[in-house]
Amino acid sequence: NGVTTMRASLTWLTLALLVVSGTSQTLTSRTSTQNYNSVYGAGGDTYTPSDSFTSNALIAADTQTMAYDDFRSGFVLGDPNRPWSAEVSLDLIHTYSITGPLNAFSRIQASGVTEVAAASSGEGIATMTSANPGNLLQFEFTLSSLTVARLSGMVDLNPDGQNLAGNVALQRWDGITWATVFNSLFLPGQEGSFDNTYNLVAGDYRIFGQSAGNAFHGVRPLEINSWEYDLQVVPEPGTLAAVGLGVAALLRRRRRA
């Protein structure tokens, strides 16, 4: 009868929803870290500012920034024949957005830039460093079943790609360590664009973008390192097909009723 058919339909719909919910991908943590330290000046007029910040708030979108800029000048021991000047600056930013609820996300889009600069004249010295980790954004997530993932993006290291000053990495916890799925450090020159598709087995994963910088007067006065990525995840096609067959069966039963 109609009541029995309706109950059967609801049962099939419930089973289909359970299959979908069982193929979820869940964000479990987020870590944002920014820090720097600097030394500049001359003689007894030496300045050593530093700062650090960490956030673990797991929200759908966020942006973190840190900045510093200063210029000083004078004479060593008050001697006009020993002038000096020193200038340092820092700009850190990373930002992200999550598509979908945190317990069933489908996409993470993120980017970050680290810019450090240092200059001096006369007997002045100047350094600006953002490292260990510098400018880091990391997510951990869990996949409950085989999942197709597409990871695309780019890393740009300036003045060159040999300073290991920025990278994007996707890793899986193998029970002992974080095993590499992808790491931009393996790109030619440790930089460039990438666009890869993976079949990720169920388990725990993390993805991070990181950039650091070290500016030193007279050697490397400016360093700008940036990264961005777009991670898209969907249930494995076979799982979706199973859900589709279940829904089709439901509809056939309703038509015969």
Open item on the list: Just so I know, are the side chains of Asn167 and Gln190 near enough to count as touching, which here means a heavy-atom distance under 4.5 Å?
Closed with: no
Open item on the list: If you define the side chain from C-beta out and look only at heavy atoms, does anything of Thr99 sit under 4.5 Å from Gln232?
Closed with: no
TODO: State, yes or no, whether a side-chain contact exists between Leu58 and Ser29 at a heavy-atom distance under 4.5 Å.
DONE: no
- [ ] Indicate yes or no: at least one non-hydrogen side-chain atom of Thr63 is less than 4.5 angstrom from one of Thr65.
- [x] yes
Open item on the list: Under the side-chain contact (heavy atoms from CB on, under 4.5 Å) test against Leu27, which residue among Thr142, Ile108, Asn103 passes?
Closed with: Ile108
Task: Distance (rounded to the nearest 0.5 Å) between Arg107 CZ and Arg150 CZ - done: 9.0 Å
Task: Sequence-distant partners of Phe186, ring pair (Phe, Tyr, Trp, His ring centres under 6.0 Å), two or more places apart - done: none
- [ ] Begin with the C-alpha distance, continue with both residues' side-chain angles, and end with the deciding distance and a verdict on side-chain contact (heavy atoms from CB on, under 4.5 Å) for Leu170 and Asn196.
- [x] CA-CA 11 Å; Leu170 174 63; Asn196 305 313; over 6 Å; no
Under 3.5 Å donor-acceptor pairs involving side-chain atoms of residues 41-51, not counting sequence neighbours:
from, atom 1, to, atom 2, distance (Å)
Thr46, OG1, Gly43, O, 3.0

Task: Spatial distance of atom OH (Tyr205) from atom CD (Gln171) [nearest 0.5 Å] - done: 12.0 Å
Task: Polar side-chain atom of Ser38 near backbone of Thr127 as donor-acceptor pair, under 3.5 Å - done: yes
Open item on the list: Under 6.0 Å between ring centres: does that hold for Phe139 and Tyr96?
Closed with: yes
Task: More than 12 heavy atoms of other groups within 6.0 Å of Asp79 CG - done: yes
TODO: Would you indicate whether the side-chain heavy atoms of Glu223 and Pro159 approach each other to under 4.5 Å?
DONE: yes
Task: Same cluster (ILVMFWY, side-chain, under 4.5 Å), Phe182 and Trp178 - done: no
Open item on the list: I need the full list of ring pair (Phe, Tyr, Trp, His ring centres under 6.0 Å) pairs touching residues 97-132, with sequence neighbours left out, sorted by first then second residue.
Closed with: Phe105-Phe141
Task: Gly166 versus Ser184, closest heavy-atom pair with distance - done: O-OG, 4.4 Å
TODO: Taking all heavy atoms of Ser111 and all of Glu228, pick out the closest pair and write down the distance.
DONE: CB-CB, 3.7 Å
Open item on the list: Applying salt bridge (Lys or Arg N to Asp or Glu O under 4.0 Å) as the test, list every pair that has at least one member in residues 33-42; sequence neighbours left out.
Closed with: none
- [ ] Calculate, to the nearest 0.5 Å, the distance between atoms CG and CD belonging to Asn135 and Gln34 respectively.
- [x] 4.5 Å
TODO: Indicate yes or no for a side-chain donor-acceptor contact from Ser211 to the backbone of Ser226 under 3.5 Å, with no hydrogens or angles considered.
DONE: no
Open item on the list: Could you see if Leu157 belongs to whatever hydrophobic cluster contains Phe216? Use Ile, Leu, Val, Met, Phe, Trp, Tyr and a side-chain cutoff under 4.5 Å.
Closed with: no
TODO: State, to 0.1 Å, how close Tyr36 and Met128 come at their nearest heavy-atom pair, and which atoms those are.
DONE: CD1-SD, 3.7 Å
Open item on the list: For residues Ile59 and Ile98: do they belong to one hydrophobic cluster (side chain heavy atoms under 4.5 Å, members Ile, Leu, Val, Met, Phe, Trp, Tyr)?
Closed with: yes
- [ ] Quick one: which residue pairs count as a salt bridge (Lys or Arg N to Asp or Glu O under 4.0 Å) with a foot in residues 114-141, not counting sequence neighbours?
- [x] Arg82-Glu123
Task: Thr31 (side chain) donor-acceptor with Leu137 (main chain) under 3.5 angstrom - done: no
Open item on the list: For residues 200-216, which residue pairs pass the salt bridge (Lys or Arg N to Asp or Glu O under 4.0 Å) check, not counting sequence neighbours?
Closed with: none
Open item on the list: Nearest 0.5 Å, please: how far is CG in Asp62 from OG1 in Thr95?
Closed with: 7.5 Å
Task: Connected-component partners of Ile93 among ILVMFWY, side-chain separation under 4.5 Å - done: Val113, Leu222, Ile224
Task: Approximate separation, where rounding is to 0.5 Å, of Gln25 CD and Leu143 CG - done: 6.5 Å
Task: Which residues share a side chain to side chain contact (heavy atoms under 4.5 Å, CB included) with Ile125, sequence neighbours left out - done: Val39, His217
Open item on the list: Checking Thr129 now: which residues fulfil side-chain hydrogen bond (donor to acceptor under 3.5 Å, both in side chains) with it, not counting sequence neighbours?
Closed with: Asn214
Task: Side-chain H-bond candidate by donor/acceptor type, Ser85 with Ser73, under 3.5 Å - done: no
- [ ] Indicate if Leu187 and Tyr198 have the same hydrophobic cluster label, given that clusters are the connected sets of ILVMFWY residues with side-chain heavy-atom separations under 4.5 angstrom.
- [x] yes
TODO: Would you confirm whether Arg30, through its side chain, and Ala57, through its main-chain N or O, come within 3.5 Å as a donor-acceptor pair?
DONE: yes
- [ ] Return each pair, listed once, that meets salt bridge (Lys or Arg N to Asp or Glu O under 4.0 Å) where at least one residue sits in residues 90-101; pairs must be two or more places apart or across chains.
- [x] none
Open item on the list: Show every ring pair (Phe, Tyr, Trp, His ring centres under 6.0 Å) that has at least one partner inside residues 108-131, sequence neighbours left out.
Closed with: none
Open item on the list: To check you understand the geometry: which heavy-atom pair defines the closest contact between Thr147 and Val233, and what is its length?
Closed with: CG2-CB, 3.9 Å
TODO: Go through Ser106 and Val234 one step at a time and tell me if the side-chain contact (heavy atoms from CB on, under 4.5 Å) criterion holds.
DONE: CA-CA 6 Å; Ser106 61; Val234 296; 5.8 Å; no
- [ ] Would you check if Glu87 and Tyr40 make a side-chain contact, meaning some heavy-atom pair closer than 4.5 Å?
- [x] no
- [ ] Examine Val219 and Leu90 and state if one hydrophobic cluster contains both, with Ile, Leu, Val, Met, Phe, Trp and Tyr joined whenever side-chain heavy atoms are less than 4.5 Å apart.
- [x] no
Open item on the list: To check you understand the geometry: which heavy-atom pair defines the closest contact between Val88 and Ala118, and what is its length?
Closed with: CG1-CB, 4.3 Å
TODO: Using atom types as modelled and distance alone, determine if a side-chain donor or acceptor of Ser130 lies under 3.5 Å from a backbone N or O of Ala212.
DONE: no
Open item on the list: Is any side-chain heavy atom of Pro133 closer than 4.5 Å to one of Asn35?
Closed with: yes
Task: Check: Val168 and Phe194 side chains under 4.5 Å, non-hydrogen atoms - done: yes
Open item on the list: When you compare the side chains of Ser55 and Ser32, does any donor N or O come within less than 3.5 Å of an acceptor on the partner?
Closed with: no
Task: Pairwise distance OG1(Thr26) to CG(Leu102) - rounded to 0.5 angstrom - done: 9.0 Å
Open item on the list: Who clusters with Leu136? Use side-chain heavy atoms, under 4.5 angstrom, across I, L, V, M, F, W and Y, and order the result by chain and number.
Closed with: Phe208
- [ ] Could you pull out the closest heavy-atom pair between Ala119 and Ala126, with the gap in Å?
- [x] O-CB, 3.5 Å
